[in-house]
Amino acid sequence: MDKIKLPEHSIFEVVAEAAAELGVDAYVIGGFVRDLVLKRPSKDIDVVCVGDGIALATAVALKLPHRPKVSIFKNFGTAMLRDHDWEVEFVGARKESYREHSRKPEVENGTLDDDLKRRDFTINALGISLNKQNYGELIDEFDGLKDMKRQIIRTPLEPGITFSDDPLRMMRAIRFASQLGFDIDPDTFDAIIDYKERIKIVSQERVIDELNKIILSPKPSYGFKLLFASGLLQLIFPKMVELQGVETINGNTHKDNFYHTLQVLDNVAEVSDDLWLRWAAIMHDIAKPDTKRYHPKAGWTFHGHEDRGARMLPKLFRDLKLPLNEHMKFVQKLVKLHLRPIALVKETVTDSAIRRLLFEAGDDVDALMKLCRADITSKNDTKVKRYLQNFDKVEKRLIEVEESDNLRNFQPVITGEIIMETFNLMPSKTVGELKEVLTEAILEGKVKNEFEPAYTFLLREGEKRGLTVANIITPVEVNKSETEE
């Protein structure tokens, strides 16, 4: 029997000692063992004991020098403690049985064999003994080590049983394949296809958690292609599936926007680990099916897909159970603006256009440029090279204008309050119009975003509208007001 060298950490010896004193057998099980074999970092340890897992956790805590707090979850029969930056979860060995229309198992005490059988995949059904008679011995009843060497995801039991019991395991199979670059065993993948409809009984929160892990994998397109081929993507994210396919009229064919999106996602993944930038890649063309039109002269067009996509974002995030907070607003902003830098590439880059982009993108302009670079997926290398060189020019101009005008998250120095006080106005359409005209003048470079020239411009605009000046505001008064706040 193979032996596995455990990391040099006292926690394993302490667990072994506590288990021996309680007269129970204990094993490190699951993902920690898998990652140990694959030489992947992991500090989340699952300990299974043939007996009372909560009692073992309590005994271990008493033996550790810092006496960590034991968090007990009685409903699940588990306990957890932290040993510095290691998190250790304890559970008694158990067996599970499921009813056909439920994903909540009936649980009872079991043997180590019972516990390993309930695991999702063979690579997660590995154990390491912490018992004196065979300390460090690998427990591998389902050839998980062999599957790891073959780079295969396979279920320990007949896959239909595994997926019917907990349908989320279908997504987990794809997630592990995507994270590790493994293949899915043919029988296991066929079972995903057969049982895909059962994903509907899984909560959307659990589904999106797995989908996010697929998105964060090194090459997320692989996971999405498996989701698509299995039919799962059609059930969990049908709007994305609408991107798939091409149409030809009079010899004019548009590109397959599904596979284009996956290429953009992979391109972003090469330069950023940011989940929400990756979501922006997924969503950037999401409205193309809704805006697709064919014109005999122009061919296929998708006019306004960036604006339509941005408007669709809140509902899509709500349906997917993604957060409706600043992350959604970030994705929405990038979807709305993703064509703007490309438009700048195609024309002479004016300071005005650069100012507007900086004004609208704010601190997200760097993320926007990463998305735009990723969006160049042409098979024509010369074309790609030319576009990327033009983006270099745009980015250089962004830096130059930003340094001279300080326009990231720009706000006009003349606020709505100053406008109202100057002309003795209440909040109104006129105040909004004056503020908009002033903002436009600053972005066009007609007026510097400094108090005196901007205020002089305001007074002229007020005069044009027949407004009477009630109060002249000075920079000193503005600074005093800001200081008091």
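Since we're looking at a predicted model, the values are computed, not measured.
- Contact check for C49 versus D25: no side-chain heavy atoms found under the 4.5 Å cut-off.
- A salt bridge links K288 with D285: the closest approach of a Lys/Arg side-chain nitrogen to an acidic carboxylate oxygen falls below 4.0 angstrom.
- Inter-residue side-chain proximity for F330 and Q332 is flagged as unmet; no heavy-atom pair is nearer than 4.5 Å.
- Inter-residue side-chain proximity for N390 and V394 is flagged as unmet; no heavy-atom pair is nearer than 4.5 Å.
- Ion pairing of D185 with R154 is absent here, as no side-chain N (NZ or NE/NH1/NH2) approaches a carboxylate O to less than 4.0 Å.
- Note: F163 CZ to R169 CZ = 9.0 Å, rounded to the nearest 0.5 Å.
- Residues forming a ring-ring contact (aromatic ring centres under 6.0 Å, His included) with Y195 (at least two apart in sequence, or on another chain): none.
- In this structure, the side chains of E137 and N131 stay at 4.5 Å or more apart for every pair of heavy atoms.
- A salt bridge is absent between E306 and K336; no separation between the charged side-chain nitrogens and carboxylate oxygens falls under 4.0 Å.
- N134 and S129 are linked by a side-chain donor-acceptor pair at a separation below 3.5 angstrom, with hydrogens and angles left out of the test.
- Figure legend: cation-pi geometry between K292 and F302 absent, as NZ or CZ is not positioned both under 6.0 Å from the six-membered ring centre and within 45° of its axis.
- Under 4.0 Å is where a charged nitrogen must lie from a carboxylate oxygen, and between D319 and K315 at least one such pair does.
- We find that R340 and E360 are joined by a salt bridge, their nearest charged nitrogen and carboxylate oxygen being less than 4.0 Å apart.
- Side-chain contact, D375 with H260: a donor N or O sits under 3.5 Å from an acceptor N or O.
- In this structure, CD1 on I236 lies 5.0 Å from CG on L227, to the nearest 0.5 angstrom.
- Going from atom CZ of R119 over to atom OG1 of T162 covers 12.5 Å, rounded to the nearest 0.5 Å.
- A salt bridge is absent between K43 and D83; no separation between the charged side-chain nitrogens and carboxylate oxygens falls under 4.0 Å.
- Side-chain contact between P220 and L265: present, with at least one pair of heavy atoms (C-beta onward) separated by less than 4.5 Å.
- Using a 4.5 Å cut-off on side-chain heavy atoms (C-beta onward), D183 and I153 make no contact.
- Looking at every heavy atom in both residues, V264 comes nearest to A281 through CG1-CB, 3.9 Å.
- Under the 30°/60° scheme for interplanar angles, the aromatic rings of W86 and F32 are found to be tilted.
- With respect to R278 and D273, a salt bridge is recorded, a charged nitrogen being found less than 4.0 Å from a carboxylate O.
- Residue I174 holds its CD1 atom at 5.5 Å from CG of L226, rounded to the nearest 0.5 Å.
- Salt bridge K39/D35: absent, no basic N to carboxylate O contact under 4.0 Å.
- In this pair, H327 and W276 present their aromatic rings parallel. The plane angle is below 30°, not in the 30 to 60° band.
- A donor-acceptor contact closer than 3.5 angstrom is absent between the side chains of T111 and D113.
- Evaluated for a side-chain contact (heavy atoms from CB on, under 4.5 Å) with W300, the options H295, K255, E247, R293 yield exactly one hit, E247.
- In this pair, F228 and Y259 present their aromatic rings perpendicular. The plane angle is above 60°, beyond the 30 to 60° band.
- By the 4.0 Å N-to-carboxylate-O rule, D209 lies too far from R172 to be salt-bridged with it.
- Between F12 and I45, some side-chain heavy-atom pair lies under the 4.5 Å cut-off.
- Look at K63 and E13 and you find no salt bridge, because none of the NZ, NE, NH1 or NH2 atoms lies under 4.0 Å from a carboxylate O.
- Side-chain contact between I123 and L180 is present, with heavy atoms from C-beta onward closer than 4.5 Å.
- The line from NZ of K219 to CG of L262 is 10.5 Å long, rounded to the nearest 0.5 Å.
- Salt bridge K149/D143: absent, no basic N to carboxylate O contact under 4.0 Å.
- Around the CG atom of N325, the shell of radius 6.0 Å holds more than 12 heavy atoms that belong to other residues, nucleotides or ligands.
- Between E210 atom CD and S178 atom OG the span is 11.0 Å, to the nearest 0.5 Å.
- Between the side chains of R34 and N124, at least one donor-acceptor pair of N or O atoms lies under 3.5 Å.
- Contact check on K117 versus D114 returns no salt bridge, with no Lys/Arg side-chain nitrogen under 4.0 Å from an Asp/Glu carboxylate oxygen.
- Exactly one residue among K370, K333, K329 makes a salt bridge (Lys or Arg N to Asp or Glu O under 4.0 Å) with D364. That residue is K333.
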